[in-house]
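Here's the structure we're looking at; comments come further down.
Ligands are counted one by one from 1 in listed order, and the atoms in each one are counted from 1 as well.
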Amino acid sequence: MRTIAWLMLITFLASAPVVAQRLSDQTSAAAKAHFIENLLRQMTTEEKIGQLRLNCIGVQSPREQLLEEAAASRLGGIFYAVGRADLREFQDAALRSRLKIPLFFAYDVIHGHRTIFPIGIGLASTWDTGAITLAGRIAAQEASADGLDMVFSPMVDITRDPRWGRASEGWGEDAWLSALYTSTMVQALQGSTLGAAGNVMASAKHFALYGAPEGGRDYNSVDMSLPRMYQDYLPPYHAAVKAGVGAMMLTYIAINGVPATSNTWLIRDLLRKQWRFKGLIISDFNAVADLVSHGVASTDREAAMLAIRAGLNMSMSDTLFRDELPGLLRSGAVSQEEVDDAVREVLGAKYDLGLFADPYLRIGAAKDDPADIHAETRMHREQARDVARKSLVLLKNQRNALPLDKSARIAVVGPLAKSRLDILGNWSSIATSAQAVSVYDGIAHALDAPDRLLYARGADVTDDPRILDYLNVPGANPADVEVDPRSPTRMLQEAVDVARQADVVVAVVGESRGMSYEGASRASLGLPGYQARLISALKATGKPLVLVLMNGRPLSIGKEHDMADAVLETWYSGTEGGNAIADVLFGDYNPSGKLPITFPRSVGQVPTYYNHLNTSKPPQADAPRAVASRYIDEQNGPLYPFGFGLSYTQFSLSDITLTRQSLKRGEVLGASVVLKNTGQRAGETVVQLYLRDISASISRPVKELKRYQKILLQAGEERTLYFNLSEEDLKFYNAQLEHAAEAGAFSVMIGLDSRDVKERRFELF
Ligand code: BGC
């Protein structure tokens, strides 16, 4: 009896801080609710509707008009405006309004603000949550220092289709990894409290399934079963909610026929009821008006009605809420309660952001405004270089082509070698290309005798007039895709001449940044333009050939892979990209990145995601003539598998040891392997653990990532790595959408990529 009493006391004391925390959370939630209800009671209908508008300066809304609307309390927030002086003017206007409700300011800060970090798919290649945290923290601090309160990120859409141009922005094809990265980024951006300068509200996007458009064509629709949604596509959005994301942006697309913007099931049932999301829900740009093109609303009025009824809180860019909600309220088609609920969320976001306490929290005082907004002192180059190095993925390295010798005569060739614009990637916020380091610059900095460095452009990224016409906005300077006035043959000849004089050729090829962007889907995945011909000509010189790829999506570059001695995937690596790439090329940094998305051999194979089902007739290596689920005119399997990436050292993995062969629910299964650095230098690698449910009520993937460890080992060093698994890891969504683990045989696989794995079996009882 006495023991039990003691146990109860200890349990009570141990839980006391938790109870205190919960009480203080409840008190602050009550204070917030009280504040908001009090304000809401004082607001007119017009003022309420104003809060539901997130607008930018544009043709529809000139600056003067927005200032007037802010002063009249007819605006909730502003996006696309940056800079403390500018935003202060808007906030001053808002504070002249009757109720002095502050505005909030948002921007597309996706992978850095002034200092640009690698694009999403590059950050995902680090397999390093510390690197993602660093990139997120700095983006938040720089954005906040420019007066911004909210960022339209992270972009967490899973994609299995590299034709989609926005594959560049997300975390790749795996749900588990993307969920991990998403919560990491949300926490990094928002910090420990949203109400402090230096922290910004994250707005995860694009809810939901935006990365799965049919045919990889942007904005196209999605038709997907619920188990697949829950299992493979929804986890990152859910992770954002669990991490406390302040806002969620809806996708443009229609899901099983219903556009997200008017999708009651998506917003009310899934996001609000099932996931208990408490934050702000915003539309994508003009998406309310798009309901008419979707063909679910016949008028603007109907579009506004559907969106607000479905649970949208704030509409981005269009003026439909302003123009249509008053009439909809008068006619009773929309209830006061529906509008009030949306307003509560906008006010709640401003409250959480600390804007009612101090509307100038992030804008600061005029006397503290920076004299030069682009000042070097406002940048974080060292951190950007560090993260960029981690994002580079070595895909091939034969005959020790890499690292390069600094005393060698190096020919740097290719249309992207000197580009400071492309290396920033798309959505590069307000960074200037003048402050970016190109690959050529980076190589030159690293050399003691840069006069031994040769250069030729070799080709344009593309000569396709359709693409140029689409990407090069008239009057833009610099043009998105630069076109050399010389003929392709002349450029090629120059490159060959330069290559012949060199000891080694580094060809920097790929896509211009605009080719891997919103609205930039591709039907082919090869190197565009004359770049493939350039690679063949360089190969013919017989010089060692190193490909430095710059692209936002997996490319099908089988031929170029065969010709090259080394291939380094660099994505768009940001402000310090050139220096980071040089660090890897010369071996000052040993590459450790791994692919978060599969590279197909050819576009016809798409999708090639690693966690596919086994099918009735899986291809078998020892029976190549047997009928099987494959193409008869293409080699089976990907060019580079998910999780793949080399190092300048080598690693070996032992067989797997399991602590038990059978697992009861509630028990833990330990799996261990010995990792050894068998090469000549220190290096890092990512040890990946996959699971397969051999037989279940529905067919399950051939493998699914469940854990990984990124490990640094000195030459010759070995270490035993332990992974703990439980019933939770074996759960999946069955046909009834129950999340449960089914008894039976499982396989645990551990490898340094998703293709080459060790395997052991166990049973769940
Ligand atoms: C994109 C969003 C972006 C928004 C505002 C839209 O077209 O889909 O990702 O945040 O524009 O720039």
(message) Could you work out, for atom 2 (C) of ligand 1, the closest of V151, T251, D284 by heavy-atom distance?
(response) D284
(request) Could you tell me whether the side chains of R137 and N199 share a donor-acceptor contact shorter than 3.5 Å? (result) yes
(request) Identify the protein heavy atom lying closest to atom 7 (O) of ligand 1, giving its residue, its atom name and the separation to 0.1 Å. (result) Y252 OH, 2.7 Å
(request) Give a yes or no on whether a salt bridge exists between R160 and E173, defined as a side-chain N under 4.0 angstrom from a carboxylate O. (result) no
(request) Can you pull out the closest protein heavy atom to atom 5 (C) of ligand 1? Residue, atom name and distance to 0.1 Å, please. (result) D108 OD2, 3.2 Å
(request) Hey, could you give me each pair passing side-chain hydrogen bond (donor to acceptor under 3.5 Å, both in side chains) that has a residue in residues 178-194? Not counting sequence neighbours. (result) W171-T182
(message) With a heavy-atom distance limit of 4.0 Å, tell me whether E169 approaches ligand 1 through its side chain, its backbone, both, or neither.
(response) neither
(request) Work out whether the distance between some heavy atom of M155 and some atom of ligand 1 is less than 4.0 Å. (result) no
(message) Checking a contact table here: which protein heavy atom is nearest atom 9 (O) of ligand 1, and how many Å away?
(response) H206 NE2, 2.6 Å
(message) Suppose I only count heavy atoms of R166 and a 4.0 Å limit; which atoms of ligand 1 are within that range?
(response) 1 (C), 2 (C), 8 (O), 9 (O)
(message) Only heavy atoms of K205, strictly under 4.0 Å: list the atoms of ligand 1 that pass.
(response) 2 (C), 3 (C), 9 (O), 10 (O)
(message) Within the structure provided, determine whether T462 and S512 are in side-chain contact (heavy-atom separation under 4.5 Å).
(response) no
